[in-house]
Amino acid sequence: MQPDLHSRTLAAHTLHQFRTLSPLTHCMTNEVVQSFTANTLLALGASPAMVIEPEEASQFATIASALLINVGTLTQRRATAMRAAAERAHLAKTPWTLDPVAVGVLDYRRYFCLDLLTLRPAAIRGNASEILALAGMNSGGRGVDTTDTAVAALPAAQALARQAGTIVVVTGEVDYVTDGQRTVSVSGGDPLMTRVVGTGCALSAVVAASCALHGDRLDNVASACSWMKQAGKIASEQATGPGSFIPAFLDALYNLEMQEQA
């Protein structure tokens, strides 16, 4: 099967809905990327919140439009809070997204993420090695970096999507978004996006927020990938290196609707 290329027109329409709704996005994410994640969501028009205390996280998961669980800097205390939030989100039907950072190389987080799958995430976003590992297949990986290609992980992503009843995003030079039956590809971006910390984690937050939108969830998630790819390409044309890329990227996200309509 050849994946369908995601439509820029659809991405622009979904962005309008995203900015109108401004999803309140509960980000239980790693300490390294909190500020960048929040700024990414704000630039696109969402409302980020970082609530990590177990009792508060559980309560806030019922208030938020969407929840992100990113296990990048996982500890036992954070795991307790994340599970509590995911349980309440599941009961409240708040869509939640899993970012299984480095599950292919560290056992504690792999078992934790596999356990969380029973709480039916709306979406899973990871690199190729992470998706392969979460699907129970052999994978590479070097810490948080992938040593596998996104297209090589596509069958695993499709199998995982069917097994977990979710949308799976496997990211790389081309992103693939699948529900196990239907698959779309999203091209664009720039290699400079891999030279700054947090673009993948921020994408997971945007994916989480997009799951709160009305309409076809697969299309909404693919649109989230498209926004980030387009902004990365625009920013790379303006930046001279990683230091100038980050502000250019946030500006590109903020001005993205104007770029879409040009």
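Throughout, numbering of the chain's residues begins at 1 and tracks the sequence.
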Given Val174 and Val151, is the side-chain contact (heavy atoms from CB on, under 4.5 Å) satisfied, shown in steps? CA-CA 8 Å; Val174 176; Val151 70; over 6 Å; no
Please lay out, stage by stage, how Ser58 and Glu87 fare under the test side-chain contact (heavy atoms from CB on, under 4.5 Å). CA-CA 8 Å; Ser58 175; Glu87 287 175 346; over 6 Å; no
List the steps and the verdict of side-chain contact (heavy atoms from CB on, under 4.5 Å) for Leu218 and Val184. CA-CA 8 Å; Leu218 185 143; Val184 297; 3.8 Å; yes
Please evaluate residues Leu15 and Ser223 with respect to the criterion side-chain contact (heavy atoms from CB on, under 4.5 Å), reporting the C-alpha separation (whole Å), side-chain torsions for both, the decisive distance (0.1 Å), and the verdict. CA-CA 8 Å; Leu15 181 60; Ser223 291; over 6 Å; no
Start with the C-alpha distance between Ser204 and Asp99, add both sets of side-chain angles, then the distance that settles side-chain hydrogen bond (donor to acceptor under 3.5 Å, both in side chains), and finish with yes or no. CA-CA 6 Å; Ser204 293; Asp99 186 336; 2.7 Å; yes
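A 4.5 Å side-chain heavy-atom check between Phe36 and Thr199 finds at least one atom pair inside the cut-off. No side-chain heavy atom of Gln238 sits less than 4.5 Å from a side-chain heavy atom of Ser244. Looking at Ser47 and Leu41, their side chains never come closer than 4.5 Å, going by heavy atoms from C-beta outward. Between Arg125 and Asn70, every side-chain heavy-atom pair lies at or beyond the 4.5 Å cut-off. Residues Ile69 and Leu67 form a side-chain contact, since some pair of their non-hydrogen atoms from C-beta on lies under 4.5 Å apart. Between Leu98 and Leu116, some side-chain heavy-atom pair lies under the 4.5 Å cut-off. Within the 4.5 Å cutoff, the side chain of Val206 has heavy atoms near those of the Leu44 side chain. Within the 4.5 Å cutoff, the side chain of Ser226 has heavy atoms near those of the Arg8 side chain.
Closest of all the heavy-atom pairs between Thr94 and Ala61 is OG1-O, 3.0 Å. Counting all heavy atoms, side chain and backbone alike, Gly232 lies closest to Asp190 at O-CB, 4.0 Å. Across Thr25 and Ala46, no two heavy atoms sit closer than the pair OG1-CB, 4.4 Å. The minimum heavy-atom distance linking Ala157 with Val170 is given by the pair CB-CG1, 4.1 Å. The two residues Cys201 and Val33 have their closest heavy-atom pair at CB-CG2, 3.7 Å. Considering all non-hydrogen atoms of both residues, Ala89 and Trp96 come closest at CB-CD1, 4.3 Å.
Once rounded to the nearest 0.5 Å, the distance linking CZ of Phe60 with CD1 of Ile52 reads 12.5 Å. Taking SG of Cys225 as the reference point, atom CD of Gln230 lies at 11.5 Å (rounded to 0.5 Å). The distance from the CD1 atom of Ile234 to the CG atom of Leu256 is 5.5 Å, given to the nearest 0.5 Å. For the atom pair OG1 of Thr97 and CE of Met28, the computed distance is 13.5 Å after rounding to the nearest 0.5 Å. Here the CG atom belonging to Leu160 is positioned 10.0 Å from the CG atom belonging to Leu132, to the nearest 0.5 angstrom.
Not counting sequence neighbours, the partners of Arg120 by the side chain to side chain contact (heavy atoms under 4.5 Å, CB included) test are His90. Every residue two or more places apart in sequence or in another chain that forms a side chain to side chain contact (heavy atoms under 4.5 Å, CB included) with Ala231 is listed here: Phe249, Ala252, Leu253.
No side-chain donor-acceptor contact under 3.5 Å links Ser65 to the backbone of Pro23. Looking at Thr29, its side chain never comes within 3.5 Å of a backbone N or O of Gln34 through a donor-acceptor pair. Looking only at distances, a side-chain donor or acceptor of Arg109 sits under 3.5 Å from a matching main-chain atom of Val71. In this structure, the side chain of Gln17 engages the main chain of His214 through a donor-acceptor pair within 3.5 Å. Looking at Thr80, its side chain does come within 3.5 Å of a backbone N or O of Gln76 through a donor-acceptor pair. Between the side chain of Ser185 and the backbone N or O of Tyr176 there is no donor-acceptor pair closer than 3.5 Å. Checked by atom type and distance alone, the side chain of Glu130 pairs as donor or acceptor with a backbone atom of Asn127 at under 3.5 Å. Between the Thr171 side chain and the Asp175 main chain, no donor and acceptor come within less than 3.5 Å of each other. Checking side-chain atoms of Glu56 against main-chain N and O of Val51 turns up no donor-acceptor pair under 3.5 Å. Counting only distance, with no hydrogens or angles, the side chain of Thr20 and the backbone of His16 share a donor-acceptor pair below 3.5 Å.
Between Glu31 and Arg78, at least one side-chain nitrogen of the basic residue sits less than 4.0 Å from a carboxylate oxygen of the acidic one, meeting the salt-bridge criterion. Residues Arg110 and Asp115 are not paired through a salt bridge, judged by the lack of any N-O separation under 4.0 Å between the basic side chain and the carboxylate. Classification of Arg77 and Glu53 as a salt-bridged pair holds, one side-chain N sitting under 4.0 Å from a carboxylate O.
At a threshold of 4.5 Å between side-chain heavy atoms, the hydrophobic network of Ile, Leu, Val, Met, Phe, Trp and Tyr places Val101 and Ile124 in one connected group. Leu10 and Val186 are not part of a single hydrophobic cluster, where members link through side-chain heavy atoms under 4.5 Å apart. Under the 4.5 Å side-chain heavy-atom criterion for Ile, Leu, Val, Met, Phe, Trp and Tyr, Val197 and Leu74 are members of distinct hydrophobic clusters. Cluster annotation: Met82 and Leu119 are assigned to the same hydrophobic cluster (Ile/Leu/Val/Met/Phe/Trp/Tyr, side-chain heavy-atom contacts under 4.5 Å, transitive). At a threshold of 4.5 Å between side-chain heavy atoms, the hydrophobic network of Ile, Leu, Val, Met, Phe, Trp and Tyr places Leu250 and Leu42 in two separate groups.
Heavy-atom neighbours of Arg195 CZ from other residues, nucleotides or ligands within 6.0 Å: at or below the threshold of 12. Other residues, nucleotides and ligands contribute only 12 or fewer heavy atoms inside 6.0 Å of the CD atom of Glu173.
When only modelled atom types and interatomic distance are considered, Thr183 and Gln158 share a side-chain donor-acceptor pair under 3.5 Å.
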